[in-house]
There are 4 protein chains.
Amino acid sequence: MTDSQRSSRAATAAAKRRRLTAAAAQVLHHKGVERTAIADIAQAAGVPVGNVYYYFKTKDELVEAALTEHTATLDTLTAELDRLPDPRARLRGLVTAWVTQRETAARYGCPIGTLAVEVDKRDPGGLDESVARAVRRLLDWAAQQFRELGTDDPDGHALTLVAGYQGMSLLANALRDPEVMTREGERLLAWIDAC
Amino acid sequence: MTDSQRSSRAATAAAKRRRLTAAAAQVLHHKGVERTAIADIAQAAGVPVGNVYYYFKTKDELVEAALTEHTATLDTLTAELDRLPDPRARLRGLVTAWVTQRETAARYGCPIGTLAVEVDKRDPGGLDESVARAVRRLLDWAAQQFRELGTDDPDGHALTLVAGYQGMSLLANALRDPEVMTREGERLLAWIDAC
Amino acid sequence: MTDSQRSSRAATAAAKRRRLTAAAAQVLHHKGVERTAIADIAQAAGVPVGNVYYYFKTKDELVEAALTEHTATLDTLTAELDRLPDPRARLRGLVTAWVTQRETAARYGCPIGTLAVEVDKRDPGGLDESVARAVRRLLDWAAQQFRELGTDDPDGHALTLVAGYQGMSLLANALRDPEVMTREGERLLAWIDAC
Amino acid sequence: MTDSQRSSRAATAAAKRRRLTAAAAQVLHHKGVERTAIADIAQAAGVPVGNVYYYFKTKDELVEAALTEHTATLDTLTAELDRLPDPRARLRGLVTAWVTQRETAARYGCPIGTLAVEVDKRDPGGLDESVARAVRRLLDWAAQQFRELGTDDPDGHALTLVAGYQGMSLLANALRDPEVMTREGERLLAWIDAC
DNA sequence: AATGAATGAGTTTTCATTCAT
DNA sequence: CATGAATGAAAACTCATTCAT
């Protein structure tokens, strides 16, 4: 086997893994963990069912991959916001991004929040920690902004911000009303300005 | 058949239904809708599996009963709070009750909130409406207090309050940390005082 | 207990039995034996489920009652036809009656014929004999007409006639086409005339 | 994977599907649709129950496969008869084949006819159409023979022939008497000769 | 006889995971 | 690594029949 064949295969394999991860993130968000069969993810990724297990040994690993994927999406967003000079502007940018996603939130809820709820009901495993990690990543970033802003108790403020987001996403979803995102989003913006 | 016999049997049947409803509320909250088998609820209620279907035709009906049960619990609480003369005291009482439940919230989340998330992933049915109704009941009560308090936009304030509760419950659960309830609960109390 | 009470109860009981029999005949014809639950028949008869078993010890007995009911309906018809002086006219009247029922036949098939098919698949019991008896009743009446007509092999002719009826009912039902009844009915009339 | 391996496995899979189809055709004919459990078919085919669903997504699909199988059997017969030069001889051959099957007919009825009756009682689905198609296949072949014979109204004659077959099968089954097939078969032969 | 409730065996269907090639 | 096929353990739901009153 030549090096190029090997690396091409590796590339294919990596691509497949990426496709599976992306499919898992999307399908698990839309259908929920328990209602999603491995076959659903395989199909969405265009991968034969039996092959999935060469990339993910269990369904839980796919859930974890989805969690990681959503975290990565979040990282991309915060990385972009980090280019703004003003921490307040960054926080506002985050809230604005949430509001922009209002239709999705009203239909499917926050990807990480709903996964958190579903994972909590699954038998104890490393997933709880993965969820906590995903949540903490967001909390930490927000706390850093509040810190740079000179706010007292930046962790508390971060908690309030993220709780506000999770709460409004859950209510928007439960009431199937994207306007909840708009209203609460504006309140959060005003709150940030007042910090 | 005498009246007393009839009513005694009716009482037994009604009692069984109540036992099943209570069991459903508890087990579904703890294990989640998808992870709970009808047999789990039957066992918790001390009823043979086959007999459950005499009282509830489908699993969804049990979920609905659980939702109703949680709403009733909430109603009991708000009814008690309604005896307080001051709307602000009532709102504070609600928040205090939430904080008191912090261990449960950290372990299992808010019963209605987590059911809302899980139900959203189940195939469309009357359950979405049941969830929305349960959520709206809480929103309406809160809005009424804000109205009596003379706050502008009572509905908006109610939304903020309930979103705050759902958000803090979800985070407490995701982080397995009851302290989240305490901290955010205090913030909500201060916010109510400032309204 | 007075005599009138006793007889009134007896009357009620008899009436209930009749209602159950009629309901069984209708529901079993429309929904089929296996798809019909005892509860369906009870409901159609306006009788509480538990009570059915005081009149019919098993589901099979209800099927038998339905069979008897359909036979009785047939008897009523043939008794009426028997008032006609001409055996040929009687046979023609029978065929005409079948054609008149074409919509029902196209939708549900012949009551006795479909019951015969379904009963054949049920575990061996007296029902096979009940079915045979119902079928023979019709065969015998037809044979008698052919005999009076002076036809040779009246039994064979009866067989042909009834087979024709069962065949056209089955095809009308399978094709959901009442016209099958009309066309084959006319052929049978011509055949009778030629006998 | 080599081509031969692939085809060998494909052959095995196809063979299993064929075994399941054959088993379905036989067992459903003998025990009836409602009295046959998937497990019965699985056992008859020597396939584990869970595996059946890899080949047939629902019980209805198995029924449809059985219907197709019976149609195929019929096609084999008519294809053979098509080698006869005379359309009359072909029709006679068909009737003779029916009579040859008299013991089976007396015990279980016509496979397609009894399936037609049972399917009619099942909830609406594509099965009605499958039944109609199976019946029409036979009607069409018969009509073609009558057409070649120069008979007027070949469709009507086909209907008469097939109705005759269904009727005599049903009666033979209901009376558990294969002689019905013999007698009516002879009559049909004479009728064909007279056409 | 009357009746709501109880029972428990049976049936279809789903799916995570494993295996043979 | 690839892949179609296999497996077996649930799980929801149905229902004839029985029972307690």
Side-chain angles (χ1 to χ4, degrees), chain A residues 1 6 9-10 12-13 16 34-42 47-62, chain B residues 1-2 4-6 8-10 12-14 16-17 34-42 47-62, chain C residues 6 9-10 12-13 16-17 34-42 47-62, chain D residues 1-2 4-6 8-10 12-14 16-17 34-42 47-62:
Chain A
M1 188 195 289
R6 197 191 320 276
R9 273 215 200 159
T12 311
K16 231 183 221 181
E34 303 296 341
R35 302 296 255 196
T36 298
I38 301 286
D40 294 333
I41 297 173
V47 168
V49 202
N51 199 7
V52 173
Y53 283 82
Y54 275 92
Y55 298 92
F56 300 95
K57 272 192 288 293
T58 63
K59 188 178 182 178
D60 274 4
E61 283 191 15
L62 272 165
Chain B
M1 188 194 296
T2 68
S4 91
Q5 274 175 330
R6 196 193 317 277
S8 135
R9 266 203 291 148
T12 310
K16 216 181 226 183
R17 177 173 251 276
E34 303 295 341
R35 299 299 252 190
T36 297
I38 301 284
D40 296 332
I41 296 172
V47 167
V49 199
N51 198 13
V52 173
Y53 286 87
Y54 185 80
Y55 297 92
F56 299 94
K57 269 189 289 293
T58 62
K59 187 176 182 180
D60 273 6
E61 281 192 16
L62 273 165
Chain C
R6 198 189 320 275
R9 271 217 203 157
T12 311
K16 231 184 221 179
R17 177 172 250 276
E34 303 296 340
R35 302 296 256 197
T36 297
I38 301 284
D40 295 333
I41 296 172
V47 167
V49 203
N51 199 8
V52 173
Y53 283 83
Y54 275 91
Y55 298 91
F56 301 93
K57 270 192 289 295
T58 62
K59 188 177 182 178
D60 274 3
E61 284 192 14
L62 273 165
Chain D
M1 188 195 295
T2 69
S4 90
Q5 275 176 330
R6 198 194 314 278
S8 135
R9 267 202 290 146
T12 310
K16 215 180 226 182
R17 176 172 252 275
E34 304 295 341
R35 298 299 254 191
T36 298
I38 301 285
D40 296 332
I41 297 172
V47 166
V49 201
N51 198 12
V52 172
Y53 284 86
Y54 185 80
Y55 297 92
F56 299 94
K57 272 190 287 295
T58 62
K59 187 177 182 179
D60 272 6
E61 281 192 15
L62 274 165

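Just so it is clear, the values below take in all heavy atoms, side chains as well, and ignore hydrogens, waters and symmetry mates. In the text below, chain A, chain B and the rest are named by the order of the sequence lines, each starting its count at 1.
- Atom CG of A:D40 is separated from atom CZ of A:R35 by 11.0 Å, given to the nearest 0.5 angstrom.
- Comparing F:dA16, E:dT17, E:dA5 by their nearest atom to the side chain of A:T58 picks out E:dT17.
- Comparing atom distances between the B:P48 side chain and each of E:dT7, E:dT11, E:dT14 picks out E:dT7 as nearest.
- Applying the Watson-Crick and G-U wobble criteria (two distances, each under 3.5 Å), F:dA12 pairs with E:dT11.
- Rounding to the nearest 0.5 Å gives a distance of 5.0 Å between CD1 of C:I38 and CG of C:L62.
- For the pair D:D40 CG and E:dT13 P, the interatomic distance rounds to 14 Å; values are reported in whole Å.
- For the pair D:T36 and C:N51, both in contact range of DNA chain E, the more 5′-proximal nearest nucleotide belongs to C:N51.
- Among E:dA2, F:dA6, F:dA2, the nucleotide with an atom closest to any side-chain atom of A:K16 is F:dA2.
- For the pair C:Y55 and D:G50, both in contact range of DNA chain E, the more 5′-proximal nearest nucleotide belongs to C:Y55.
- If you take CD of C:E61 and C1' of F:dT18, they are 15 Å apart, rounded to a whole angstrom.
- Base pairing of E:dT21 is made with F:dA2, judged by Watson-Crick or G-U wobble geometry with both donor-acceptor distances under 3.5 Å.
- In this structure, CD1 of D:I41 is placed 12 Å from P of E:dT11, rounded to the nearest angstrom.
- The nearest whole Å value for the distance from the CZ atom in B:R17 to the P atom in E:dA5 is 10 Å.
- When all heavy atoms of C:V52 and C:A42 are compared, the closest pair comes out as CG2-CB, 3.6 Å.
- The CZ-C1' distance, from C:R35 to F:dA16, rounds to 16 Å in whole Å.
- Distance noted for atom P between E:dA1 and F:dT21: 22 Å (whole Å).
- Between C:F56 atom CZ and E:dT3 atom P the separation is 16 Å, expressed in whole Å.
- What separates CD of D:E34 from P of E:dG10 is a distance of 18 Å, to the nearest Å.
- Remark: E:dA1 base-pairs with no nucleotide; criterion is Watson-Crick or G-U wobble with both hydrogen-bond distances under 3.5 Å.
- Between D:Y54 and F:dA6 there is no side-chain N or O to OP1 or OP2 distance below 4.0 Å.
- Close to E:dT13, at under 4.0 Å from its OP1 or OP2, lies a side-chain N or O of D:Y53.
- A cation-pi arrangement is absent between B:R17 and B:Y54, since the terminal nitrogen or guanidinium carbon is not both under 6.0 Å from the aromatic centre and inside a 45° cone about the axis.
- The interatomic distance linking C:I38 (CD1) with F:dT17 (C1') rounds to 9 Å, in whole Å.
- When all heavy atoms are compared, the tightest approach of B:E61 to B:F56 is OE1-CA, 3.7 Å.
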